[in-house]
Amino acid sequence: MSEPAPGPDAPTTQSRGQEDTPPPAAEPSQVSDRDEHDHQDQDDQDDDERDSHDEYEEDDALASRIRKEKEHLRLRLASLRKLKAGQDTTAGRDWFGGPVNHASDYARVYGAGRDFYNVSSSDGPPVQSAPVTAERLERLKACLVPTESQTQLAKLLVDEPLLLLRGPRNTGRTMTAIAALLEVTQSCHRLMVRGEPIHVDMSHLDKGIGYLLLADESSWTAQLEEVADYLSAVAARRDCRIVVLVGPGYDLPHRVVDHTPPTADQVFRKTFAYLLSDPDAWQAHRLDEHDIVGRLADCQPAEALQLAQQLANGVQRNQTIADVLNAQPLFTRTRFHKHLDKEPTRFGRYFLVSSAVLHGLSEPVVSRAALSLSQQIRDGKEESEDDDTSIWERLGNWLSYSGISTVQGDRRGEGRRLQLRDELAPLLLPMIWEELPAVRDHLYVWLRHLGESTDEHVRIKVAHAVGLLATCDFDLIEREFLDEWSRSTKVRPKQLAAWALEAATSDPEMRDRVHALLRTWSETGPHQRRITAAIAYGSRTGMQNIDEVFKSFRVITLTTKNYWLCDAVARSISDIYGADTARPIAEELAGWARADKFGGWLAAALALARLSPLRHNGARPVLLDHAAEADLIALWTRSLELSLSPDEMAGRGSGLAGQLWQLFTDWVREWEERPSLRPVLEGVFRASRSGTLRLRRTYQLYLLLWQHDQTISAPLFHHLTRILKDG
């Protein structure tokens, strides 16, 4: 009998000599001809196969990697929550928040007097609509500040079936468009299109209704004139009206109205009075004494609206106006300027930079990084200066900036950690970058150096800091960090690039740019960047458009047989796996397993090794409870077949093979306790009958092992043996 696959107690990784050798090509019967692009990348793939082990240092067993991946994900999510905490609770930027309105056919629309955003289910229809709720209409009527653009738009809509309202986000253009549509139509709906607007036809529109379509940086805006002509013709036949919201730079002769924003203080006055149900709220709370008009002088209408919301909430909670204002990042820049004007010691500024990046970590780590930045800058000076950066300064002097403090650990001996107020976390580093241009070049070098740390906490903080800087100047950050990191033959720099992009997408206005960059990396390479894209899609970035993620993963897996590239895809799949994504992920993986591509088989097997445990810590759902029976059978059948591959990384003797058979053994062990898995196991054994003689003998061997170890009962042994032999 041929040598069997490794048993449950077999080693889960090959020798170090094997690890340093690229795996041989799969047998011709296993792999179809690869496309031209993949042939061009072969040298890069071979190099990556040799170099990628640096990520895991001395221990790169699959089971160990999976444990590390879970911890890394926990740390990243904690860091992202900190960046998001200030965004969700205070005014100053256009973040998701406020009511969630459930639209027709799977969609959800987010908004609190701002632009809407749509999150569409991957299996929903391509065109959906959602009416503006009665609650929002009531608020619009009470808080609307009429503008010249509203008057012009309403006038033109009498005769024009489609118009563009052009202006930046956060300027009140959504409310202006709704108000104008309501002047000439019966009601207003949000039109949501997944893909190209060519899918919109008369069945999606109703007579006499006004529709709002958000088009900022959508891919189809490259053919904006053609799309507008088509939608205009459909709207005219249906006797309805469409207003398309576009940003600056878009033009369409005779169909564009430039948005005139209302003044921020007018928006604030009306919203504040409405929320407190008091037309004299301004005077009642003596807002003139707090110079609200002056504070809002350079603000957008959306910022004024959110400030009104925060002040009204504070009043209802019996907070003082002064306390609420002090907590708003909208005015953090003013306080930051005042702090810089006090001319703190030079080292105090270095500590400020280090705190902006490494907040949440221990105070010694932050201080040590600040000293490193100080030394780097001093070494770069041609002439010596008076030393005002004595390391004997007290920590209290470095903590002079309001909002930075240290907290003692919960248990004795844990030491102090440095923390920022929630609203400062997403704002302090961008403010430093904008207000201290002389420090930028030093900052880039320092961040790259910190990114080489072996401490995952530090690396995650560095990556997320770079992501914040990308919201200031995306092109510059791409050149300074993302380009080099994404092309590295090492996995750790690729992770930094991916994690930086997940932080950048915390800003809704950056998401289109990030997705466009990832599409370029995943579809046109080179090979190293395709790996980086695969890693990046395993983040909140991927959750925003799972259809696009699957499309990119197909491009990657169907054109490669590289182990580490497939492993990056599998890791990303496991990171975005949750209750809402479990079923579509299982369907996608089963599709890869059924296809005739080795890369798809390998990625599906590596993902199954991460997702198939029947007991998970935390909120991760059990795959058995969220996947179709046929999909699970296809996944297990192909993955266990792959364990016999001659590929040293994926086949016999590899960590993957041992992990898969151990997990499959765990499933068999649950036969009595989980009736729902019985049809799956029977289906896998039945499917093995059409496999090779080696595969059938491997199943026979495991049945004998399970019976000997009392993993299964004698009746179950005979039952599965009969299926294996006779079906």
Side-chain angles (χ1 to χ4, degrees), residues 25-26 30-49 52 122-123 194-196 219-220 222 482-483 486-487 489 491 494-495 497-498 501-502 505 511-539 541-577 581 584-608 635 638 642 650:
Q30 292 175 305
V31 186
S32 301
D33 291 338
R34 300 166 65 201
D35 66 4
E36 182 177 354
H37 189 125
D38 202 41
H39 281 295
Q40 295 171 348
D41 287 340
Q42 183 62 52
D43 291 340
D44 288 337
Q45 293 185 32
D46 292 341
D47 290 341
D48 188 61
E49 194 70 38
S52 292
S122 60
D123 57 357
R194 180 162 52 86
E196 302 295 324
S219 58
W220 52 264
L482 303 181
D483 181 72
S486 66
R487 288 187 291 106
T489 59
V491 175
K494 295 183 180 74
Q495 289 177 326
L501 291 177
E502 78 178 353
T505 56
R511 290 173 184 167
D512 289 339
R513 296 205 63 170
V514 170
H515 283 297
L517 181 63
L518 290 179
R519 277 196 301 270
T520 300
W521 287 355
S522 63
E523 295 177 5
T524 62
H527 173 70
Q528 304 299 344
R529 281 184 170 158
R530 295 165 73 194
I531 297 179
T532 306
I535 297 172
Y537 278 129
S539 66
T541 309
M543 294 292 287
Q544 293 154 11
N545 192 338
I546 199 168
D547 283 340
E548 186 169 333
V549 172
F550 287 160
K551 179 182 177 182
S552 296
F553 284 167
R554 287 180 210 125
V555 171
I556 294 170
T557 59
L558 298 184
T559 58
T560 189
K561 60 181 181 180
N562 177 274
Y563 178 91
W564 295 107
L565 180 49
C566 294
D567 189 68
V569 170
R571 175 175 179 171
S572 292
I573 285 286
S574 69
D575 281 354
I576 63 175
Y577 175 82
T581 60
I585 283 176
E587 292 172 353
E588 185 70 21
L589 294 177
W592 299 353
R594 295 183 180 108
D596 187 24
K597 292 290 185 179
F598 183 79
W601 301 351
L602 181 55
L606 287 162
L608 184 64
L635 273 171
R638 181 65 79 188
L642 184 69

### Message
Check whether S522 reaches the backbone of L518 with its side chain - one donor and one acceptor, N or O, closer than 3.5 Å.
### Response
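Pair found, side chain donor or acceptor close to backbone of L518.
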
From [X] atom [atom1] to [Y] atom [atom2], the distance as rounded to the nearest 0.5 Å:
X	Y	atom1	atom2	value
F598	W601	CZ	CH2	8.0 Å
L602	W564	CG	CH2	10.5 Å
I546	I585	CD1	CD1	5.0 Å
R530	T560	CZ	OG1	6.0 Å
T557	I573	OG1	CD1	9.0 Å

Restricting to side chain to side chain contact (heavy atoms under 4.5 Å, CB included), what partner residues turn up for [X], sequence neighbours left out?
X	answer
T532	S486, K494, A497, W521
R487	D483, R529
A568	I531, A534, I535
A605	S639, L642, L656, L660

### Query
Of all residues at least two apart in sequence or in a different chain, which pass the salt bridge (Lys or Arg N to Asp or Glu O under 4.0 Å) check with E587?
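Checked E587 against salt bridge (Lys or Arg N to Asp or Glu O under 4.0 Å); matches are R583.
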
### Query
What orientation do H515 and Y537 show, parallel under 30°, tilted 30 to 60°, or perpendicular over 60°?
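The rings of H515 and Y537 lie parallel, inter-plane angle below 30°.
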
